[in-house]
Protein chains: 2
Amino acid sequence: MNDTPDDLRIDQPPATLRAMTVERLRGAIISGRFRGGERLVERTLCDQLGVSRSVVREAIRFLEAEGLVETQARSGPVVAKLDWARAHQIYEIRRLLEAEAASACARVADARIKEDLRQALADLEVAFEEATPIRVYEATTRFYETIFLSAGQDISWEVVQRLNSRISRLRALTLATKDRHTSGPAHMASICQAICENDPAAAALAVREHLTEASEIARRLLEAEE
Amino acid sequence: MNDTPDDLRIDQPPATLRAMTVERLRGAIISGRFRGGERLVERTLCDQLGVSRSVVREAIRFLEAEGLVETQARSGPVVAKLDWARAHQIYEIRRLLEAEAASACARVADARIKEDLRQALADLEVAFEEATPIRVYEATTRFYETIFLSAGQDISWEVVQRLNSRISRLRALTLATKDRHTSGPAHMASICQAICENDPAAAALAVREHLTEASEIARRLLEAEE
DNA sequence: AGTTGTATGTTGGTATACCATCAGTCCATA
DNA sequence: TATGGACTGATGGTATACCAACATACAACT
């Protein structure tokens, strides 16, 4: 049985090689497969990815603009390093933007949005029980995406996502941290609750608390690491 | 006379073609030479810029990640369009980030920083009298750069600059607007004053007022335009 | 006249070729 | 032995070649 949607549009994303390459590389970097400071040798990547240098290079330019890769002329691209000074700044920016978004979301949230949030939260908790990091990541992303987009702040969401990719390794670590097992989802639950009660101030507060703690955990991890 | 600095290091920025191309293209877009929605035909750009397609394409990838260019597969790069919904979001984000930076700057500002700010402000006022938009732009940029960097918020500054390039056409228009002639520098003067008095709250407030007005002017311009 | 098939040109996507630079190595010479 | 220079390999920067997809125009057929 071929399922036939209402409209017959064919809009298969042709998924250019470049787009796929960007995804793969970004994934490799944020998953920690490539360490900070590690060189990204173009021809080697070509072999590993099975694409030509043009594709690899354009993908690298994209990641460079995202801040994930730094390239100094005549020396080539290098995975951007992350120190606490930068990570701290990123957490502070997220604090501002996410608090604002949550507050705006709480102002406009209707039944549909609340349902989406609860669903994402439920998925998150399941993923936590199962200890499947990818699911946790996806559910978390969906939770925040709902908040930002329903608040009509898609540009802010774009900025946050970009920043997140730069601290993704830290996020992965914080998610794996045990004491976050209880407090992380707990904080997100209280964010969800505040939004469901259409209480902007409480929502903003919950976000700030959440990020304060996440930031603190990240700092400890980062300093312990070196 | 060859001036010989203390250290003999030769670190002439080799200025890759790509970097120069990015600059040129970005400049052409933010100056309005390429309108929103306009197609960027690669081979044409090659002729105009005198570089090969590889260079042009990599530059476009960079601008794409910056949000200045959007490219849909099989249709090619297009200059991103700017509607009020997006512009408004950008102004709101700037409000948050700049208020935070100004407040932090006011907390730490020493004599040196205050001097830099006053100098930038003085340059700005001269440029206003002379009605030289480029100087105005430069002085304004330097003013805010001082604020952000002295507050140790270089990532935030990076984000703001990127956002600014997306609304640069609007900024140019608002700068040219007459009633901003009095209020624009006036607001910036009060920001400067608040920082010089090391008054974080006043600094944040001044920034918010400034941006509220700039945003309002931008809205009128954008809606009048269509 | 309307519709459909086809030829063609434009454009972006991809791959490859070439060159300059840099670092390391090894040999020749003082 | 130490120094300098030439050679070589690796790498990034740049240019070009080829192909597929799409748009347009025109011709042919009903």
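Throughout, a chain's letter reflects where its sequence line sits, starting with A, and its residues are numbered from 1. Model, not experiment: these values are computed from the prediction.
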Between [N] atom [atom2] and [X] atom [atom1], what is the distance in whole Å?
| X | N | atom1 | atom2 | answer |
| --- | --- | --- | --- | --- |
| B:R61 | C:dT14 | CZ | P | 9 Å |
| A:L17 | C:dT16 | CG | P | 12 Å |
| A:E58 | C:dG12 | CD | P | 12 Å |
| B:L45 | C:dT10 | CG | C1' | 15 Å |
| A:D47 | D:dA10 | CG | P | 13 Å |

Of all the nucleotides listed ([options]), which has the minimum atom distance to the side chain of [X]?
| X | options | answer |
| --- | --- | --- |
| A:R43 | D:dT16, C:dA17, D:dT11 | D:dT11 |
| B:S54 | C:dG13, D:dA15, D:dG12 | D:dA15 |
| B:R53 | D:dG12, D:dA15, D:dA17 | D:dA17 |
| B:V41 | C:dA15, C:dT11, C:dT16 | C:dT11 |

_Given DNA chain C, 5'-ward residue of the pair A:A19 and B:R39, judged by closest heavy atom_ =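 Whichever sits nearer the 5' end wins; that is B:R39.
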*Quick one: does A:R18 reach the base of C:dG13 with a side-chain donor-acceptor pair under 3.5 Å?*
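Not at all, since no donor on one side and acceptor on the other fall under 3.5 Å apart.
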With a 3.5 Å distance limit and no angle check, can you tell me whether [X] reaches the backbone of [Y] through a side-chain donor-acceptor pair?
| X | Y | result |
| --- | --- | --- |
| B:D110 | B:I113 | yes |
| A:Q89 | B:G152 | yes |
| A:R162 | B:A65 | yes |

*CZ of B:R43 to CG of B:L45: how many Å apart, nearest 0.5 Å?*
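Result: 11.5 Å between the selected atoms.
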*Is there a side-chain polar atom (N or O) of B:S52 under 4.0 Å from OP1 or OP2 of D:dT14?*
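No, because none of the side-chain N or O atoms of B:S52 sits under 4.0 Å from OP1 or OP2 of D:dT14.
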*According to a strict under-4.0 Å criterion, is A:R57 in side-chain N/O contact with OP1 or OP2 of D:dG12?*
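No, no such contact exists.
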_Categorize B:L40 for me: base, sugar-phosphate, or nothing, with a 4.0 angstrom heavy-atom threshold over every strand shown._
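Touches sugar-phosphate only.
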*If you measure only the distance, is there a donor-acceptor pair under 3.5 Å linking the side chains of B:T146 and B:R142?*
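There is no such pair between these side chains.
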